[in-house]
Amino acid sequence: MKQLNRKQIEQRVLDLLDEHDVTSVPVPVERIARSVGLPIVETEMDADVSGALIRSGNLQGIAVNASQAPVRKRFTIAHELAHFLLNHVDKDHVDWQFTVIRRDGRSSEAEDDQEMAANFFAASLLMPKDILRQDVELHQRFDGEIHLDDADIGLLAKRYKVSEAAMKYRLQNLGFMSWA
Ligand SMILES: [Zn+2]
């Protein structure tokens with residue numbers, strides 16, 4: 001199956017936010033997951049497991065490692081929702097921590113693509129481009145440059161209920177911050 005590119009994924013996310021009448025943050029990712037038919041179960045898992053998309057038999061849902069931080073749980077739910085909506089898998093799928101960074105041969109290259117797509121979808125969903133742009137523009141100076149320091153990123157991360165690392169990466173990805 002052909003992978004969607006970034007622009008197409010951003011559009012899928014905008015449509016999804018629209019369908020669920022989401023116009024503010026934090027994005028109610030659990031409500032969205034439930035309403036597309038994915039109940040969420042928090043359960044004890046190995047420390048290096050983030051969560052899983054369950055699609056075996058008649059059962060369907062998202063399992064989340066109960067011991068993760070709340071912001072990490074939200075990202076995991078968004079990531080599993082992405083696998084579901086992008087039709088990545090038709091059987092159970094388990095996500096380890098830092099799947100994308102792993103290079104231990106656990107996943108094939110095609111799977112890595114799907115992991116990156118799911119991460120991009122999750123970031124786009126939890127930090128919607130248009131809402132984030134409005135927030136970031138509050139930091140724009142008269143010379144047009146945007147200046148965000150660590151405290152600003154911390155506040156944004158709190159507002160969107162995401163980790164500071166995820167917020168920083170999203171800001172850099174959208175060109176609101178340099179990669180330096
Ligand atoms: Zn995954």
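Remember, it's 1-based here, ligands and their atoms both numbered in the order they're listed. All values below come from the heavy atoms of this structure, side chains included, with hydrogens, waters and symmetry mates left out.
Ser67 meets the side chain to side chain donor-acceptor pair (under 3.5 Å) test with Asn65; sequence neighbours excluded.
Looking at Lys73 and Glu80, no side-chain N of the basic residue comes within less than 4.0 Å of a carboxylate O on the acidic one, giving no salt bridge. The pair Arg133-Asp130 meets the salt-bridge criterion, with a side-chain N (NZ, NE, NH1 or NH2) lying under 4.0 Å from an Asp/Glu carboxylate O.
Here the angle centred on the Zn ion (ligand 1), running from NE2 of His79 over to NE2 of His83, is 90°, rounded to 10°.
Taking 2.8 Å as the threshold, His88 does not count as a candidate ligand of the Zn ion (ligand 1), since none of its N, O or S atoms lies below it.
When the N, O or S atoms of Glu115 are ranked by distance to the Zn ion (ligand 1), OE1 comes first. Closest to the Zn ion (ligand 1) among the N, O or S atoms of Asp95 is OD1.
Aromatic ring orientation, His93 versus His79: parallel (interplanar angle below 30°, classes split at 30° and 60°).
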